[in-house]
Amino acid sequence: MLKAGAAASGPDAGRDAGRYIGRFAPSPTGPLHAGSLVAALASWLDARAHGGRWLVRIEDVDTPRCVPGAAENILQQLAQCGLVPDEAPWWQSRRGAAYTLALQALQAQGQAYPCGCTRKAIEAHWLALGVAHVPEAERIYPGTCRPERGGLQGRPPRAVRFRADGPPQHWQDRRLGAMQQDVAAEVGDFVLQRADGLWAYQLAVVVDDAAQGITHVVRGEDLADNTARQLLLQQALGLPRPSYLHTPLVRAADGRKLSKQNGAAPLDQHDPVAALRQAGRVLGLPPLQAPSPAQWLAAAVAAWAQVFGPPP
Ligand code: GLU
């Protein structure tokens with residue numbers, strides 16, 4: 001993924017002026033920590049600064065990675081910080097029918113096809129061509145099972161993939177500026193439904209953002225390079241494009257994104273204002289003192305609005 005230009009200086013031009021629906025979409029793989037609170041807080045502040053609504057969606061499609069009770073715990077931690085959604089949360093585990101319809105529509109349009117390749121087979125394809133593997137990077141899918149190449153050719157179907165042959169995608173990130181990615185060249189045909197039958201994040205997020213009427217996506221910068229894939233899916237499904245703002249990441253001592261795996265401590269539930277202040281620092285807010293989360297948040301909305309709020 002490339003940054004295509006200078007950072008945007010002003011606020012978002014204001015899609016659907018007067019209508020704002022934002023969301024925080026945690027995967028319940030563990031408790032909220034300093035890193036995930038940054039995305040939660042930013043999405044809440046942006047919604048409030050625009051006089052909009054703020055929703056929470058529990059992204060529990062990757063069931064093997066979900067931890068029982070984590071979603072309830074996250075909702076409770078958010079509430080302790082004064083971050084309460086305007087509607088009952090959505091759960092992606094209950095949304096299978098909507099994802100099935102979207103997948104069927106893509107298949108009917110010839111934009112999705114079954115794939116019988118194992119990870120090993122994809123790896124072997126590139127190794128045979130002398131292309132070395134970059135650790136932690138996902139291999140580009142070489143299109144082996146595309147219908148015009150003969151399809152499955154006797155391989156049992158495993159995943160379902162999206163035909164990513166659209167043009168390079170461009171979008172304006174409200175913090176990172178002009179962005180672009182050529183999904184066909186940099187990612188290849190990507191998975192919509194996994195070999196284990198589970199829904200892929202890309203499909204679920206696009207279907208649900210549209211179904212919930214999300215106008216503004218505010219989330220961590222680690223997700224920025226999923227955006228182009230999501231734009232392609234929105235176009236294929238005829239869904240509206242929200243605006244995007246990717247927030248700074250909290251890094252662990254090893255320089256990687258803070259996560260449970262590299263030592264993120266759960267938030268101090270006895271001092272939510274301190275947790276908010278720390279998240280606010282990451283977002284570039286001035287140090288704000290307040291006796292309660294509600295009062296801290298009120299001050300933070302005003303500070304946020306100056307940088308990312310709607311035009312006066
Ligand atoms: N569920 C994703 C995560 O926790 C976030 C998805 C999104 O905000 O688009 O990383």
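We number each residue from 1, following the sequence as shown. Order of appearance sets the numbers: ligands from 1, and atoms from 1 within every ligand.
Regarding atom 6 (C) of ligand 1, its nearest protein heavy-atom neighbour is Glu59 OE1, 3.2 Å. Ser27 OG, 3.5 Å is the protein heavy atom nearest to atom 3 (C) of ligand 1. The protein non-hydrogen atom at the shortest distance from atom 5 (C) of ligand 1 is Ala25 O, 3.2 Å. Scanning all protein heavy atoms for the shortest distance to atom 10 (O) of ligand 1 gives Leu223 CD1, 3.9 Å. Protein heavy atom at the shortest distance from atom 7 (C) of ligand 1 is Arg23 NH1, 3.3 Å.
Within ligand 1, the atoms closer than 4.0 Å to a non-hydrogen atom of Val205 are 9 (O), numbered from 1 in the order shown. Residue Arg219 has at least one heavy-atom neighbour below 4.0 Å for each of these atoms of ligand 1: 7 (C), 8 (O), 9 (O).
The N/O atoms of Tyr201, backbone and side chain alike, include one that comes under 3.5 Å of an N/O atom in ligand 1. For ligand 1, the polar-atom distance check finds no N/O of Pro26 at less than 3.5 Å from any of the ligand's N/O atoms.
Under the 4.0 angstrom criterion for non-hydrogen atoms, Phe24 is not in contact with ligand 1.
Taking the six-membered ring for Trp and thresholds of 30 and 60 degrees, Phe308 and Trp304 have ring planes inclined between 30 and 60 degrees apart. Under the 30°/60° scheme for interplanar angles, the aromatic rings of Tyr141 and Tyr113 are found to be tilted.
The residue Asn226 has no part lying near ligand 1, judged by heavy-atom distances below 4.0 Å.
With hydrogens and angles left out, the side-chain atoms of Thr227 and Arg219 include a donor and acceptor closer than 3.5 Å.
A 4.5 Å side-chain heavy-atom check between Val160 and Gln107 finds at least one atom pair inside the cut-off.
With Glu221 contributing its side chain and His246 its backbone, the two residues share no donor-acceptor pair below 3.5 Å.
A 6.0 Å sphere centred on CZ of Arg65 holds no more than 12 heavy atoms belonging to other residues, nucleotides or ligands.
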Report the C-alpha distance between Arg95 and Trp199 in whole Å, list the side-chain angles of each, state the deciding distance to 0.1 Å, and finish with yes or no for side chain to side chain contact (heavy atoms under 4.5 Å, CB included).
CA-CA 10 Å; Arg95 299 270 308 143; Trp199 297 105; over 6 Å; no

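Note on Val250 and Trp44: same hydrophobic cluster, where clusters join Ile, Leu, Val, Met, Phe, Trp and Tyr whose side-chain heavy atoms are under 4.5 Å apart, directly or indirectly.
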